[in-house]
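We're numbering straight along the sequence, starting at 1.
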Amino acid sequence: MLDEFKNAFQRHNNAHIQLIIINVVVFAAMGVLMVISEIGGFQSFYELIHQQFAIPARIDSFIVKPWTLITYAFAHAGFRHIIFNMIALYWFGKIFVEYLGSDKLIAVYFLGAMGGGLLYLLVFNTVPYFSNQSDNVIILMVGASAAVNAIIVAAATLLPDYTFSLLLIGPIKIKYIAAITVFMSFIGIVDVNAGGNVAHLGGALMGFVYIKQLQSGINWGGWITATIDWFKNLFTAKPKVKVTYRNNEATSTKKASTKASIPQDEIDTILDKISDGGYESLTKDEKEKLFNASKK
């Protein structure tokens, strides 16, 4: 099972599966910890760990735990909570990755989580109806719903007429699914899960704005992709560079030989990879080969 999860996680252009695996692993680990702490009689330890993931409604509590603006989107309150989020993440994430690639899906997930968390904090600290609630009890929020809503709305904004065939309902365009999801979150802001539904709206808004900006040539998630790549490089062994000296004539001959030796089927493979995951998915070597081929 571990090997299967590892292979699925490492598969190319597979961000929706990677995010699902991370969420499931966190959920399972927290579940095991909850059972052990309950049996062992140290429930306070579980609560302490849980609070490191949950984002608090009060701004004074959030300031000392700023990381919860991200971590809350990888924790869930129960099995039904995570199962519906992961099903939606799988189907809409699969569509998103097919058209825009994994890097942008991860960016939308994080932007949706942050957008939902920030709107949740703003509303619960400025709107009297909500701030009065947080004065009386400690309100904490967990769940990937805001991030998933961002992906749902982003996919519907990008491909509004893409159609799903739903059991007992039949074919339905995803723009209607997104609209129903947003509306249900809106009427839910006066329900028992007010904070979660406010966050859903923040995530949905972020997904809509992200696609509109991307269509205008502005990638709001570029800094997220760059940050993740930077962290990856910290844990990637860098090959030792061997310095050699050669005359200019030999260098020119080698470059010409390299340029001429790129077979067409390899170029076609690189172009297919761009189609699947975008130009950002290419390695440095592949980008160089494509550049050299373009100069023929």
Side-chain angles (χ1 to χ4, degrees), residues 19 22-38 42-86 88-89 106-151 181-182 184-207 223-224 227:
L19 290 169
I22 294 172
N23 275 278
V24 169
V25 168
V26 172
F27 180 77
M30 293 297 290
V32 171
L33 180 61
M34 178 188 67
V35 171
I36 293 175
S37 62
E38 184 72 24
F42 46 92
Q43 297 91 336
S44 58
F45 179 72
Y46 169 77
E47 292 299 329
L48 177 64
I49 299 301
H50 180 265
Q51 289 173 13
Q52 306 313 308
F53 283 89
I55 181 172
R58 292 178 59 89
I59 193 68
D60 54 344
S61 300
F62 170 74
I63 289 175
V64 297
K65 294 180 180 179
W67 59 85
T68 57
L69 187 63
I70 298 296
T71 57
Y72 87 93
F74 292 94
H76 290 83
F79 181 75
R80 189 175 64 175
H81 192 200
I82 189 173
I83 195 69
F84 281 106
N85 275 339
M86 295 304 102
L89 175 56
I106 294 174
V108 171
Y109 187 94
F110 278 90
L111 287 172
M114 288 184 284
L118 290 174
L119 184 61
Y120 160 79
L121 289 168
L122 177 65
V123 167
F124 271 81
N125 288 277
T126 59
V127 180
Y129 176 84
F130 298 100
S131 60
N132 291 337
Q133 298 179 32
S134 61
D135 288 338
N136 300 325
V137 295
I138 298 175
I139 299 177
L140 300 172
M141 182 178 68
V142 293
S145 300
V148 172
N149 274 26
I151 293 171
T181 301
V182 172
M184 293 299 292
S185 295
F186 175 73
I187 64 176
I189 62 176
V190 293
D191 203 349
V192 63
N193 185 30
N197 284 296
V198 168
H200 298 174
L201 296 176
L205 177 62
M206 185 61 73
W223 67 273
I224 295 176
T227 302

| Stepwise side-chain contact (heavy atoms from CB on, under 4.5 Å) check, I151 with L89 | CA-CA 7 Å; I151 293 171; L89 175 56; 3.5 Å; yes
| F53 and M30: side-chain contact (heavy atoms from CB on, under 4.5 Å), yes or no, with the steps? | CA-CA 10 Å; F53 283 89; M30 293 297 290; 4.1 Å; yes
| field | V190 vs Y129, side-chain contact (heavy atoms from CB on, under 4.5 Å): CA-CA, chis, key distance, verdict | value | CA-CA 9 Å; V190 293; Y129 176 84; 3.8 Å; yes
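The shortest distance between side-chain heavy atoms of E47 and S37 does not fall below 4.5 Å. Counting heavy atoms from C-beta outward, L140 and I55 have side chains that stay 4.5 Å or more apart. The shortest side-chain heavy-atom distance between M114 and F110 falls under the 4.5 Å cut-off. Looking only at side-chain heavy atoms (C-beta outward), I36 and Y46 stay at 4.5 Å or farther from each other. Residues L69 and L118 are in side-chain contact: their nearest non-hydrogen atoms beyond the backbone lie under 4.5 Å apart.
The nearest pair of heavy atoms linking N197 to S185 is CB-O, 3.2 Å. Scanning both residues, M141 and G196, for their nearest heavy atoms gives SD-CA, 3.7 Å. Across A146 and H200, no two heavy atoms sit closer than the pair N-CD2, 4.0 Å. Across every non-hydrogen atom of Y120 and A199, the tightest pair is CB-CB, 4.4 Å. For the residue pair W67 and Q52, the shortest heavy atom distance occurs at NE1-O, 2.9 Å. The minimum heavy-atom distance between Y72 and G112, with the atom names listed, is OH-O, 4.4 Å.
Atom CG of L48 has more than 12 heavy atoms from other residues, nucleotides or ligands within 6.0 Å. Heavy-atom contacts from other residues, nucleotides or ligands closer than 6.0 Å to CZ of F84 number 12 or fewer.
Rounding to the nearest 0.5 Å gives a distance of 7.0 Å between CZ of F79 and CZ of F27. Summarising the geometry, atom CE belonging to M34 is positioned 14.5 Å from atom CD1 belonging to I49; distances are rounded to the nearest 0.5 Å. The CG atom of L201 sits 11.5 Å away from atom OG of S145, with the distance rounded to the nearest 0.5 Å. In this structure, the separation between CE on M206 and CG on L119 is 9.5 Å, given to the nearest 0.5 Å.
Checking S131 against N125 by side-chain atom types alone, no donor-acceptor pair falls below 3.5 Å.
Legend: residues meeting ring-ring contact (aromatic ring centres under 6.0 Å, His included) with F130, ordered by chain and number and at least two apart, are F124.
With H76 as the fixed residue, the side chain to side chain contact (heavy atoms under 4.5 Å, CB included) test singles out one of I83, V24, I82, V142: I82.
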